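What you are looking at is a predicted structure, and each value in this text was computed from that prediction instead of being measured.
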Amino acid sequence: MPATLTGQLVVAISSRALFDFEAENLIFEAGDDHAYMALQQQRLDQPAPPGVAFSLVQKLLAFNAGGGAPQVEVVVLSRNDPISGMRVFRSAKHYGLAIERGVFTRGASPWRYLKPLAAQLFLSANEADVRQALAAGVAAARVMPDAARASAAHPRELRIAFDGDAVLFSDEAEQIYQRDGLAAFREHESSRAHLPLPAGPFKPVLAALQRLQHAPGGGMKVRTALVTARSAPAHERAIRTLMNWQIEVDEAMFLGGLAKGEFLREFEPDFFFDDQVGHVESAALHVPAGQVAAGIAAL
């Protein structure tokens, strides 16, 4: 029987999101892929430094340490060439990351392999690949390679924070805000407080995290947070939507437009997902962050 990833949370990640390849990437971006390959070959035995999503991957894989059927699969899905892929695998082994699968496309867009992998989340530093993944129905985010690294204060707890509109929820309400302003947005959400919002691209990811939370492995726990620019009275529809989905979050921050960065600094997530560049840049000063390039505010 062929191997299967059925029943697992499958996360696809680019090599630049997992490891810090920024120095090497300067050569790649210059268009000299042969020089890039030669440099990676020279550094095959030199482990790459951890990248912005390293802590997220490390903790996700720790859920498999309790024995029994694996709960999480991490696959490297990269524009790198196969030689550079050797360094990725060697670096993963160096850090004890149980990553066995990878697809390396030497500059071609790799997003088309998300479907056969049954990936539920894709993290990449390439905006075009992220947008293509989102268009194909896969939750995806463009990581900020220079973002702050995750805190080491919670080694046995996976912490993830999400924006609401255009991330966990659709951008239905955000479209009202962009077109008609704050007062119209509040009226729209107050009058529809009892109606669940349509799902956004990251609802399946939050649902998968809740399954991990209820069946922890390897002594790991999950802690989630909703961090949104909404405030009362628009908070109610967000909470009722989660109730309707029977999905819980541990913390909810209704910030009414306040900068999110300092609140995220206190929450200390392993990753934060938001659709708006300004919010992601604010967050990236303090925590690992990525932009969900979906919805009207991300255009």
Side-chain angles (χ1 to χ4, degrees), residues 121 127-128 130-142 144 160-207 209-210 224-267 269 271-287 289-299:
L121 175 62
E127 182 175 352
V130 166
R131 288 186 179 274
Q132 288 172 315
L134 286 162
V138 178
R142 177 175 65 93
M144 302 297 176
I160 302 185
F162 301 90
D163 180 30
D165 297 291
V167 179
L168 291 180
F169 316 127
S170 78
D171 72 335
E172 168 195 295
E174 181 67 28
Q175 292 183 40
I176 300 293
Y177 173 74
Q178 295 288 338
R179 187 182 68 236
D180 301 323
L182 180 59
F185 164 80
R186 287 178 170 173
E187 171 59 30
H188 180 271
E189 293 303 279
S190 296
S191 64
R192 291 165 176 78
H194 63 291
L195 296 175
L197 283 156
F202 274 72
K203 178 194 173 183
V205 176
L206 181 58
L209 291 174
Q210 180 160 291
T224 55
L226 169 64
V227 184
T228 173
R230 286 175 177 253
S231 58
H235 72 294
E236 185 171 337
R237 193 177 187 196
I239 295 174
R240 286 186 176 276
T241 297
L242 294 173
M243 292 169 61
N244 178 267
W245 293 347
Q246 297 184 341
I247 296 177
E248 299 174 356
V249 293
D250 297 293
E251 300 189 23
M253 306 176 200
F254 299 100
L255 301 181
L258 293 175
K260 298 180 179 181
E262 293 187 0
F263 292 90
L264 289 159
R265 181 190 64 201
E266 300 304 319
F267 179 67
F271 215 87
F272 170 59
F273 299 99
D274 199 299
D275 66 309
Q276 297 192 38
V277 172
H279 292 161
V280 174
E281 290 176 345
S282 170
L285 297 174
H286 306 283
V287 301
Q291 184 198 11
V292 181
I296 190 171
L299 297 177

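At a threshold of 4.5 Å between non-hydrogen side-chain atoms, the residues Phe273 and Leu168 do not count as touching. Proximity of Asp171 to Asp165: side-chain heavy atoms (C-beta onward) are nowhere separated by under 4.5 Å. Looking at heavy atoms from C-beta onward, Ile247 lies in side-chain contact with Lys203 at the 4.5 angstrom threshold. Between Lys260 and Asp163 there is a side-chain heavy-atom pair separated by less than 4.5 Å. Side-chain contact between Arg142 and Gln291 is present, with heavy atoms from C-beta onward closer than 4.5 Å. Leu121 places none of its side-chain heavy atoms less than 4.5 Å from the side chain of Phe271. At a threshold of 4.5 Å between non-hydrogen side-chain atoms, the residues Leu206 and Leu242 count as touching. A 4.5 Å side-chain heavy-atom check between Phe254 and Ile239 finds at least one atom pair inside the cut-off.
Residues Ala139 and Pro201 come closest through the heavy atom pair CB-O, 3.3 Å. Shown here for Phe267 and Met253, the closest heavy-atom pair between the two residues is CB-CE, 4.0 Å. Ala234 and Phe185 make their closest contact through CB-CE2, 3.7 Å (heavy atoms, listed as atom of the first residue, atom of the second, distance). For the residue pair Ala140 and Leu134, the shortest heavy atom distance occurs at N-CD2, 3.6 Å. For the residue pair Gly290 and Ala141, the shortest heavy atom distance occurs at C-CB, 4.2 Å. Contact record, Ala238 with Leu226: CB-CD2, 4.4 Å, taken as the closest heavy-atom pair.
Annotation: salt bridge (Lys or Arg N to Asp or Glu O under 4.0 Å) contacts of Arg186 (sequence neighbours excluded): none. Not counting sequence neighbours, Glu281 has no partner by the salt bridge (Lys or Arg N to Asp or Glu O under 4.0 Å) test.
Distance check: Phe169 CZ to Trp245 CH2 gives 5.0 Å after rounding to the nearest 0.5 Å. The distance from the CZ atom of Arg240 to the CZ atom of Arg192 is 15.5 Å, given to the nearest 0.5 Å. For the atom pair His235 NE2 and Thr228 OG1, the distance stands at 11.5 Å (nearest 0.5 Å). Between Asn244 atom CG and His194 atom NE2 the span is 11.5 Å, to the nearest 0.5 Å. With values rounded to the nearest 0.5 angstrom, Glu127 atom CD is found 11.0 Å from Gln132 atom CD. A distance of 10.5 Å separates OG of Ser282 from CZ of Arg265, quoted to the nearest 0.5 Å.
In terms of modelled atom types and a separation under 3.5 Å, the side chain of Asp275 and the main chain of Val292 share no donor-acceptor contact. Checking side-chain atoms of Gln210 against main-chain N and O of Gln246 turns up a donor-acceptor pair under 3.5 Å. A donor-acceptor contact shorter than 3.5 Å links the side chain of Thr241 to the backbone of Arg237.
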Item to check | Residues Phe162, Leu209; criterion side-chain contact (heavy atoms from CB on, under 4.5 Å); working and verdict | outcome: CA-CA 12 Å; Phe162 301 90; Leu209 291 174; 3.7 Å; yes
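More than 12 heavy atoms of other shown residues, nucleotides or ligands fall within 6.0 angstrom of atom CD in Glu251.
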